[in-house]
There are 2 protein chains.
Amino acid sequence: MAKVSFREQVLRVREDAIVSSVNRLLAEKGFEAMTVDEVAADVGIAKASLYKHFPSKELLAAAAMVKVLERALAFLESTAKASPELSPLERLKAVVRWCLEVQLAGEMPSLPSQNSALRTTLMGHTPYLDCLMTVSETLGEWIVAAQAAGDVDPTLPPEVVLYTLFARACDPVLGVLKAGGQYTDEQVIDLLVRTSFGGLAAR
Amino acid sequence: MAKVSFREQVLRVREDAIVSSVNRLLAEKGFEAMTVDEVAADVGIAKASLYKHFPSKELLAAAAMVKVLERALAFLESTAKASPELSPLERLKAVVRWCLEVQLAGEMPSLPSQNSALRTTLMGHTPYLDCLMTVSETLGEWIVAAQAAGDVDPTLPPEVVLYTLFARACDPVLGVLKAGGQYTDEQVIDLLVRTSFGGLAAR
DNA sequence: GTCTATATCAAGATAGAC
DNA sequence: GTCTATCTTGATATAGAC
């Protein structure tokens, strides 16, 4: 029993290493440009071994998405727990800030919404769907609460707000500003949080 | 002289057809998923003929980008000319609206900012750079004017406003709302213009 | 489960006749 | 310039030994 558990732990650690590599490579190069050979080389195992753990490139990406969604979920829970005094709007801002930080750290996998093989895999991947739904529901509650409090525009459909927040996870403006090199990471994040919630128009 | 001109016209028409196909396929599937075979089949010519016109897949994409930038430029000029009474802010909103309309029409090519071969080609493609610069300069003037008029947040760096506007050309929220099917095209566009300029927070 | 070696195939690009 | 046929490469995936 102990031996089995040990082996399972070793497996888990290895798979964690794989998913971490995938996560980083997905963030760096995107799904199409990332090759399975690269992943194997990055992890330091043979490609065939990799395929024993994850039977396809699409499932590799799915695992990476699950991992980042679990991280997001953990952040949501810690925010709700550790900072109950924060208003729903402040929480939503914190979520966007977290998204941008993860992106800046090169840990936000970006998947093409157009790739159909990948889409099919994701739509059939229960852990992914579960995580995505949980995150969406939590954010949805915060959004509705923020609207009720008069902090988020109540005339916007909540789902539009939700999608707009999700889109911050792959906002190309972040990379452009970062590449420009004339702002610190903190300034870039502040600018994007401001434009997301405050808009471009003067108040 | 007349004969040469005629031949050149035929060539131009053919290349226009090619670029139109590329434009549509890029909008539909993205750069990586679009294959040169598809383009050739769509245009109705052999692949080798295609390569006589455009020596690489990257140059095909560059031509598509130039075409859409030229369309954008024409829109900017017609807006400035036909509607001199519009405020700079209203013009900027019209530009975003135009971007979203082109996207909804399936005519907005979307290129991955990560692909390095493509990036290299674009950065060496003078017509592309020229068009991009002209568009950027025109928009930049409108942005500064809108800030001076107190309509656009004057505390935002103009370039941040510019990049945020450019990003509307590949906003994933558009596709998600469109796919949801519960809004008309006009409603989707209105929602995105509102969130872009007004932000998510209540006013 | 891990490895080396290989099958398989899709896609960018080209040769050469007309 | 257009075509058919082919080359070449790179990448997903697998076979089979240990």
Side-chain angles (χ1 to χ4, degrees), chain A residues 3-19 21-22 25-26 28-64 111-112 114-122, chain B residues 3-19 21-22 25-26 28-64 109 111-112 114-122 125:
Chain A
K3 236 179 177 177
V4 171
S5 170
F6 176 71
R7 281 189 194 160
E8 281 174 359
Q9 276 205 352
V10 170
L11 258 191
R12 248 197 88 115
V13 167
R14 169 135 301 176
E15 299 204 340
D16 265 8
I18 294 173
V19 175
S21 282
V22 172
L25 288 169
L26 279 182
E28 183 186 329
K29 336 180 59 167
F31 180 76
E32 330 262 0
M34 177 189 81
T35 71
V36 180
D37 293 78
E38 277 176 326
V39 177
D42 194 67
V43 178
I45 63 176
K47 186 163 52 166
S49 308
L50 193 55
Y51 272 96
K52 296 284 183 179
H53 291 277
F54 298 93
S56 78
K57 186 184 178 183
E58 282 76 22
L59 286 171
L60 272 177
L111 301 185
Q114 295 158 328
N115 186 314
S116 66
L118 180 57
R119 242 195 106 70
T120 303
T121 298
L122 286 178
Chain B
K3 236 182 179 177
V4 171
S5 171
F6 175 71
R7 280 190 193 160
E8 281 175 359
Q9 275 205 352
V10 169
L11 258 190
R12 249 197 87 113
V13 167
R14 170 136 301 179
E15 299 204 339
D16 265 6
I18 294 173
V19 175
S21 282
V22 172
L25 288 169
L26 279 182
E28 182 186 329
K29 335 181 58 166
F31 180 75
E32 331 263 359
M34 176 189 82
T35 70
V36 179
D37 293 77
E38 277 175 326
V39 176
D42 194 68
V43 177
I45 63 176
K47 185 161 57 165
S49 308
L50 193 56
Y51 272 96
K52 297 282 183 181
H53 291 277
F54 299 93
S56 78
K57 187 184 178 184
E58 283 74 23
L59 285 170
L60 273 177
L111 301 186
Q114 296 158 328
N115 187 313
S116 65
L118 180 57
R119 241 195 108 71
T120 303
T121 298
L122 287 179
H125 197 263

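Keep in mind the model is a prediction, meaning the values are calculated, not measured. Atoms considered below: every heavy atom in the structure, side chains included; atoms not considered: hydrogens, waters and symmetry mates. In what follows, chains carry the letters A, B, and so on, assigned in the order in which the sequence lines appear, proteins first and then strands, with residues in each chain numbered from 1.
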**Study point:** Over all atoms of both residues, closest heavy-atom pair of A:V22 and A:A64
**Key:**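 Where A:V22 meets A:A64 most closely, the heavy atoms are CG1-CB, 3.8 Å.
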
Exercise for review: Heavy atoms only: give me the nearest B:E15-B:H53 pair and the separation to one decimal.
Suggested key: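 For B:E15 and B:H53, the tightest heavy-atom pair comes out as OE2-ND1, 2.8 Å.
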
Point to revise | Closest-nucleotide 5' rank along DNA chain D - winner of A:K47 and B:A48 | key: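 Its nearest nucleotide being more 5', the pick is B:A48.
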
Point to revise | Nucleotide D:dA15, atom P - distance to OH of A:Y51 in whole Å | key: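 Nearest whole value for this atom pair: 13 Å.
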
Point to revise | Separation of B:R14 CZ from B:D16 CG (nearest 0.5 Å) | key: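 Nearest 0.5 Å value for the CG-CZ distance: 12.0 Å.
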
Point to revise | Whole-Å distance separating the CG atom of A:N115 from the P atom of D:dT12 | key: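 Taking atom P of D:dT12 as the reference, CG of A:N115 is at 12 Å.
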
Practice item. Would you classify A:K52 as touching base, sugar-phosphate or nothing, given that sugar-phosphate means primed atoms plus P, OP1 and OP2, and contacts are heavy atoms under 4.0 Å? Key: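 Contact class for A:K52: base.
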
Exercise for review: Check the pair B:L111, B:R119 against side chain to side chain contact (heavy atoms under 4.5 Å, CB included), reporting the backbone distance first and the verdict last.
Suggested key: CA-CA 9 Å; B:L111 301 186; B:R119 241 195 108 71; over 6 Å; no

Exercise for review: For A:S56 and for B:G44, locate the closest nucleotide of DNA chain D by heavy-atom distance; then report the residue assigned to the nucleotide nearer the 5' terminus.
Suggested key: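 Looking at the nearest nucleotide for each, B:G44 comes out on the 5' side.
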
Practice item. Would you indicate what B:S49 reaches in the nucleic acid, counting non-hydrogen atoms under 4.0 angstrom: base, sugar-phosphate, or nothing? Key: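 Touches a base.
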
**Study point:** For chain A, the stretch of DNA chain C it reaches, first to last nucleotide, under 4.0 Å of its heavy atoms
**Key:**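 Span of nucleotides near chain A: C:dG1 to C:dT4.
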
**Study point:** Heavy-atom pair of closest approach, residues A:A40 and A:A46
**Key:**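 Between these two residues, the closest heavy atoms are CB-C, 4.1 Å.
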
Review point. What bend angle does the helix from C:dG1-D:dC18 to C:dC18-D:dG1 show across its length, from five-pair end axes and to the nearest 10 degrees?
Key: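 If I round to tens, the end axes sit 10° apart.
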
Review point. Which pair of non-hydrogen atoms, one from B:F31 and one from B:E58, has the smallest distance, and what is that distance?
Key: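 What the structure gives for the nearest pair is CZ-OE2, 3.8 Å.
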
Point to revise | Minimal non-hydrogen separation, A:V43 against A:A17, with atom names | key: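 Result for this residue pair: CG2-O, 4.3 Å.
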
Check your understanding: Which pair of non-hydrogen atoms, one from A:Y51 and one from A:S56, has the smallest distance, and what is that distance?
Key ->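 Taking every non-hydrogen atom into account, CE2-CA, 4.1 Å.
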
